[in-house]
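One structure is given below, encoded as structure tokens.
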Amino acid sequence: LANMLVIKCKAAVAWEPGKPLTIQDVDVAPPKVHEVRIKIVATGVCHTDWEYLYESGKGMKSRPFPLVLGHEAAGIVESVGPEVTKFSPGDKVIPLFLPQCGECERCRSPKTNQCRKNWANMQLGVMADGTSRISYKNQQLYQFLGVSSFSQYTVVPDTSLTKIRCDAPLDKVCLLGCGVSTGYGAAVKTAKVEKDSSCAVFGLGAVGLAAVMGCQVAGAKRIIGVDINPDKFEKARVFGATECINPRDHEKAIQEVLVEKTGGGVDYALECVGSPVIMNAALESTAEAWGTCVIAGWTETETMNIMVEKILMGRTLKGTYFGGWKSVEDVPKLVDDYMNKKLKLDEFITHNLTLDQINVAFDLLKSGKSIRTVISL
């Protein structure tokens, strides 16, 4: 019977681009076929959420509004729709903006994690049937990346959800829903950083710090953090950076500084900003004959200009999405790694706020004062 009822709860609604979020009482409809309704317990506030609100149409494709943002979260299954077999009420779960259906050609290939189940609809903010499950006074509110975790309850497809161990603290492991998994995987899975190698990480936000952590776990000898905000340096050292550089302290371009410092360039560069200019700098900071540059920073519409010779002489340029992890099967393993102290999460969390302070969380993010704010719902 629970599945038949609409749940009334609070959500932070983005009514239009560029305007702060407002807390509203919304209706969350019951899950339909192959859908699961979850109670969100905690959500991280990611830079991508901020960008879709405040830079919609700049480096980002426009998404339909009104919209409920949030995509990095953890919660508990409240009810399941018809034909759902892998989840039961009470399960601890992490919703996933990247699905894993397990059946398509991409899911069957070890080469990629980019399942496309419900993809086009989720990018448009709706479920498989073309509608969203969250509404305000009968007006549909679109679900960001099919998740919408800035709501006390939400509904997601059963292929965009993973069950995790019941003793995991949701206010910590929520970070594995996006930022930490992305940066960590960029280093260990996409770049495949090798022992005793040298690495440079551009941008020391949550994704960049997770990349630094990945380089350290992989056994890199030199890990150089690069950021124009020196307040991030102390934190970077906690995660394993051996040194940190502020590009503004140098006359020369940062790539030249790094090539000089390392006697020819780093083995691996990880771009965790989402800026084409920095992507180029990252590529050019790698060693000519075997350097690998991985782009983890997010931008959808901007273009890179690369001097052909920079690639021709043996460098590799790669992109990563969600760190290369196969979402449904790998996220629970990352939760296990955290529980077994192989992976840091607590150190990313600089602020804990409530849903009605969501705009404060955005301000902290934009001003560089926070790494991750976790919102408790």
Side-chain angles (χ1 to χ4, degrees), residues 44 46-48 71-72 94-117 119 122-123 145 147 159-162 164 173 175-195 197 199-203 205-220 223 239-240 266-274 279 282-283 286 290-300 315-338 342-345 348:
C46 174
H47 199 260
T48 312
H71 62 286
E72 180 183 271
I94 291 179
L96 305 162
F97 63 86
L98 174 66
Q100 185 189 353
C101 73
E103 290 164 11
C104 65
E105 188 184 10
R106 292 183 178 192
C107 280
R108 290 199 305 264
S109 164
K111 294 180 178 174
T112 184
N113 63 340
Q114 291 187 37
C115 173
R116 284 295 178 262
K117 181 83 171 173
W119 183 259
M122 285 168 74
Q123 297 304 305
L145 300 178
V147 178
T159 45
S160 299
L161 190 65
T162 191
I164 59 169
V173 298
L175 300 188
L176 292 168
C178 179
V180 174
S181 298
T182 297
Y184 183 65
V188 301
K189 208 159 169 69
T190 308
K192 296 185 170 64
V193 169
E194 293 171 314
K195 193 175 182 309
S197 60
C199 304
V201 176
F202 290 75
V207 175
L209 292 172
V212 168
M213 174 169 69
C215 294
Q216 187 190 41
V217 168
I223 305 169
F239 285 102
V266 293
D267 301 311
Y268 301 95
L270 297 130
E271 197 277 350
C272 303
V273 180
M279 291 169 190
L283 177 69
T286 63
W290 59 70
T292 295
C293 173
V294 172
I295 293 168
W298 190 245
T299 177
E300 289 176 316
R315 291 182 182 86
T316 302
L317 178 64
K318 301 170 95 169
T320 188
Y321 190 72
F322 196 56
W325 304 109
K326 290 205 181 256
S327 56
V328 173
E329 66 187 69
D330 286 333
V331 168
K333 295 175 192 166
L334 293 170
V335 171
D336 289 343
D337 285 347
Y338 165 69
K342 289 183 190 162
L343 192 72
K344 293 182 170 80
L345 288 179
F348 287 93

Checklist line | Whether over 12 other heavy atoms sit under 6.0 Å from Lys117 NZ | finding: no
Discussion item. Strictly distance-based, threshold 3.5 Å: is any side-chain N or O of Trp325 a donor or acceptor partner for the main-chain N or O of Ser181?
Written reply: yes
Minimal heavy-atom distance between Ala220 and Val193, with the atoms involved, is CB-CG1, 4.0 Å
If you define the side chain from C-beta out and look only at heavy atoms, does anything of Thr190 sit under 4.5 Å from Tyr268? no
Correct closest heavy-atom pair for Phe348 and Ala206 would be CE2-O, 3.3 Å
dist Leu175:CG -> Cys46:SG (nearest 0.5 Å) comes out at 10.0 Å
> Side-chain contact, heavy-atom cut-off 4.5 Å: His71 with Thr48?
Replying inline: yes
(request) Look at the side chain of Lys326 and the backbone N and O of Thr112, then say whether any donor-acceptor pair between them is shorter than 3.5 Å. (result) yes
- Task: Let me see the working for Leu334 and Val180 under side-chain contact (heavy atoms from CB on, under 4.5 Å), right down to the final yes or no.
- Result: CA-CA 10 Å; Leu334 293 170; Val180 174; over 6 Å; no
Checklist line | Contact check, side chains of His47 and Val207, non-hydrogen atoms, under 4.5 Å | finding: no
Separation between CG (Leu96) and CG (Leu161), nearest 0.5 Å, reads 6.5 Å
Does a sphere of radius 6.0 Å around CH2 in Trp290 hold more than 12 heavy atoms from other residues, nucleotides or ligands, not counting ones at 6.0 Å or beyond?
no
In this structure, CZ of Phe322 is separated from CG of Asp330 (nearest 0.5 Å) by 8.5 Å
What one should report as the nearest heavy-atom pair of Leu270 and Cys215 is CD1-SG, 3.6 Å
Given side-chain contact (heavy atoms from CB on, under 4.5 Å), test Leu317 with Ile295 step by step and report yes or no. CA-CA 8 Å; Leu317 178 64; Ile295 293 168; 3.8 Å; yes
**Prompt:** Any side-chain heavy atom of Gln216 within less than 4.5 Å of one from Ile223?
**Reply:** yes
Discussion item. Donor-acceptor check, side chain of Lys192 to backbone of Lys189, threshold 3.5 angstrom: yes or no?
Written reply: yes
Smallest heavy-atom separation, Ala296 atom then Cys272 atom, equals CB-SG, 4.4 Å
What one should report as the nearest heavy-atom pair of Val217 and Tyr184 is CG1-OH, 3.5 Å
Does a salt bridge link Asp336 with Lys333, judged by any charged N lying under 4.0 Å from a carboxylate O?
no
Rounding to 0.5 Å, atoms CG (Leu283) and NZ (Lys318) come to a distance of 13.5 Å
CG of Leu176 to OG of Ser327, rounded to nearest 0.5 Å, is 12.5 Å
| task | Evaluate the side-chain contact (heavy atoms from CB on, under 4.5 Å) criterion for residues Met279 and Thr299: first the C-alpha distance (whole Å), next the side-chain angles of each, then the deciding distance (0.1 Å), finally the verdict. | result | CA-CA 11 Å; Met279 291 169 190; Thr299 177; 3.8 Å; yes
Minimal heavy-atom distance between Ala211 and Val201, with the atoms involved, is CB-CG1, 4.1 Å
Between the CE atom in Met122 and the OG1 atom in Thr159, the distance rounded to the nearest 0.5 Å is 7.0 Å
Is there a donor-acceptor pair closer than 3.5 Å between any side-chain N or O of Asn113 and the backbone N or O of Tyr321?
yes
May I have the list of side-chain donor-acceptor pairs in residues 99-107 shorter than 3.5 Å, sequence neighbours left out?
residue, atom, partner, partner atom, Å
Gln100, OE1, Val328, N, 2.9
Gln100, OE1, Glu329, N, 3.0
Gln100, NE2, Glu329, OE1, 2.7
Arg106, NH1, Gln114, O, 3.0

Query - Test side-chain contact (heavy atoms from CB on, under 4.5 Å) applied to Ser160 and Val147, step by step - result: CA-CA 9 Å; Ser160 299; Val147 178; over 6 Å; no
